[in-house]
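Here's the structure, in C-alpha cells; my notes come after.
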Amino acid sequence: MNDTPSYNGPERVFSGVQPTGALHLGNYLGALKKFVALQHSHDCLFCIVDLHAITLPQDPGTLAANTRKIAAAFLAAGLDPRRAIIFVQSAVTAHAELAWIFNCTARMGWLERMTQFKDKAGRDKERASVGLFDYPVLQAADILAYKATHVPVGEDQKQHLELSRDIADRFNRQYGAPGFFPLPEPLIKGPGARVMSLKDGTRKMSKSDPSDLSRINLEDDAETIARKIRKARTDPEPLPATVDGLAGRPGAANLVGIYAALAGISDQQVLDEFGGKGFGVFKPALADLVVDALTPIGKELARLNADPGHIDAVLQDGAERARAIAAPVMADVRRLVGFWGN
Ligand code: AMP
Ligand code: TRP
C-alpha cells in the first residue's frame with residue numbers, strides 16, 4: 001500500500017445523522033458538538049440520512065417531520081449554514097448511485113462481519129431488509145461522493161468507517177486509480193464518544209430505547225433533565241477518588257464521563273472535585289451542567305421547529321451545494337467504471 005500514491009486533495013469533513021427520532025445527549029456529545037467546532041476549521045457537509053433511516057420501517061409522515069427536526073437541531077446546536085453545508089441525503093442522487101457501484105466493490109464477507117447489522121437484525125436475520133445489510137456501503141458512498149477525508153462520529157461507527165476505508169482502497173486498485181478516493185479518517189476520540197443509557201450503564205444511550213428515562217433529549221426542559229438524572233441508575237457508594245475506582249461501576253462512570261465532557265475536563269478532574277461525595281451531591285451538580293448546556297439549544301429548537309419555511313430554505317440551498325461537489329466526482333467515477341457516454 002505504501003508504494004501507491006495516496007490521496008492529495010483538500011481536507012473535507014462529512015457526517016450523517018439518521019432522522020429516526022429526537023436527538024439526545026449522546027448525539028450531542030458524540031457528534032453535534034464536534035460538528036460545530038469543525039465548521040470553523042474545515043469545509044464541512046452534514047447530512048440527514050433518510051435513505052439510511054428506511055433500512056428499518058418508518059412511517060412516511062413521521063420521517064418527513066423528523067428530517068426537518070434534525071435540521072432544526074443542527075442549527076440550534078450552532079451549525080451555521082453559511083459555513084457548513086446542511087442537506088438531506090435523498091435530495092442528492094449521487095448517494096444511491098455510488099452505493100450501487102460500491103455494492104459491486106464491497107465483498108459479502110466484509111459486510112457479514114458488521115456488528116451493527118447483527119444487533120439491528122436481531123434473531124430473525126432472514127426478515128431483515130437487504131438495505132439494512134447494505135447500510136454501511138451506503139455510508140461509504142455518502143462520504144466518498146464528496147471525497148471527504150474526515151468523519152466525526154461516535155464510537156459505535158468505528159467499524160463502519162473501517163469498511164469505508166476498505167471500499168475506497170479496493171475501488172482505487174480495482175479501477176487502476178491510485179489515490180482517487182481518500183481513505184477517510186474517523187474522528188472519534190474525546191469525551192462523549194460513547195454516552196451510555198441512564199438506566200443501564202452497559203448499553204449506549206439510543207433514540208430507539210423504549211424508555212424515555214434512559215436518555216436526555218435536546219428538547220427536554222430543565223425539570224425533566226433534573227428528574228432523569230435523579231433517577232439515573234447508580235449504586236450506593238460515594239464517588240471514588242481515582243478513575244480506577246470507577247471500574248465495575250458503569251452507571252457512575254457514565255455520569256462522571258458526561259460531566260467531564262460537558263465541563264471540558266478529564267474524568268480524573270471530576271473525581272478531584274467529587275471523590276468521596278455521594279450521588280446526592282453529584283447528581284444535582286451534573287443536572288445544573290446539563291441544563292446549562294441543553295436548555296439554550298432546546299429553546300432555539302422550539303423556535304426553529306415553528307419556522308419550517310426557514311428550515312426548507314436551508315436544506316434546499318444545502319442540496320444544491322452538495323450536488324455541485326458530488327457531480328464532478330461522479331463524472332470521474334462513471335468514466336473509471338466504463339459507463340457509456342462518459
Ligand atoms: P444516529 O442517531 O445513530 O444517527 O447517530 C448520529 C451520531 O451520533 C453518530 O455519529 C453516532 O455515532 C453518534 N451517537 C449516537 N449515539 C451515541 C451515544 N450514545 N454516544 C455517543 N455518540 C453517539
Ligand atoms: N451510520 C451513522 C449512524 O447511525 C449515520 C451515517 C450515515 C453516517 N452516513 C454517514 C455517519 C456517513 C458518518 C458518515 O450514526
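Side-chain atoms are counted along with the backbone in the values below, which use heavy atoms only and exclude waters and symmetry mates. One-based numbering, in listed order, for ligands and for the atoms of each.
- Below 4.0 Å from some heavy atom of R194 lie the following atoms of ligand 1, by number and element: 20 (N), 21 (C).
- Of the heavy atoms in M196, none comes closer than 4.0 Å to ligand 1.
- Of the heavy atoms in S206, none comes closer than 4.0 Å to ligand 1.
- Proximity of G192 to ligand 1 is established by a heavy-atom distance of less than 4.0 Å.
- The shortest separation from a heavy atom of H52 to ligand 1 is not under 4.0 Å, leaving the residue out of contact.
- Among protein heavy atoms, atom 22 (N) of ligand 1 sits closest to G26 O, 3.2 Å.
- Residue E155 places no N or O, backbone or side chain, under 3.5 Å from any N or O of ligand 1.
- The contact shell of ligand 2, taken as protein residues with any non-hydrogen atom closer than 4.0 angstrom, comprises F14, S15, G16, Q18, V49, H52, Y135, Q139, D142, I143, V151, V153, Q157.
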Could you go through the side chain to side chain donor-acceptor pair (under 3.5 Å) check for Q18 and H52 one step at a time?
CA-CA 7 Å; Q18 296 190 73; H52 277 105; over 6 Å; no
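- Here the shortest heavy-atom distance to atom 9 (C) of ligand 1, taken over P19, P152, S197, G154, belongs to G154.
- If you check each of G257, A31, A53, A261 against atom 7 (C) of ligand 1, the one with the closest non-hydrogen atom is A31.
- Heavy-atom distances between L29 and ligand 1 stay at or above 4.0 Å for every pair.
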Run the side chain to side chain donor-acceptor pair (under 3.5 Å) test on D50 and S90 for me, step by step, so that the C-alpha distance in whole Å, both residues' side-chain angles and the decisive distance to 0.1 Å come before the verdict.
CA-CA 6 Å; D50 52 354; S90 63; 2.5 Å; yes
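- Considering H160, Q18, H24 only, the shortest heavy-atom separation from atom 16 (N) of ligand 1 involves H24.
- Aromatic ring centroids of F14 and H42 lie 6.0 Å or more apart.
- Close approach of ligand 1 to G30 is summarised as follows: ligand atoms under 4.0 Å from at least one heavy atom of the residue are 21 (C), 22 (N).
- When each atom of ligand 1 is checked for a heavy atom of Q157 under 4.0 Å away, the hits are 12 (O).
- Taking 4.0 Å as the cut-off between side-chain N and carboxylate O, R83 and D43 do not count as a salt-bridged pair.
- A salt bridge is defined here as a Lys NZ or Arg NE, NH1 or NH2 lying under 4.0 Å from an Asp or Glu carboxylate O, and D169 with R173 meets this definition.
- Salt bridge D220/R215: absent, no basic N to carboxylate O contact under 4.0 Å.
- At most 12 non-hydrogen atoms from other residues, nucleotides or ligands lie less than 6.0 angstrom from CD of Q316.
- Residue M205 has at least one heavy-atom neighbour below 4.0 Å for each of these atoms of ligand 1: 16 (N), 18 (C), 19 (N).
- Heavy-atom proximity to atom 12 (O) of ligand 1, evaluated over I258, D156, V153, N254, is greatest for D156.
- Within the 3.5 Å criterion, the main-chain N or O of P152 finds a donor-acceptor partner in the side chain of S15.
- Electrostatic pairing of E155 and K204 does not count as a salt bridge here, judged by no charged N lying under 4.0 Å from a carboxylate O.
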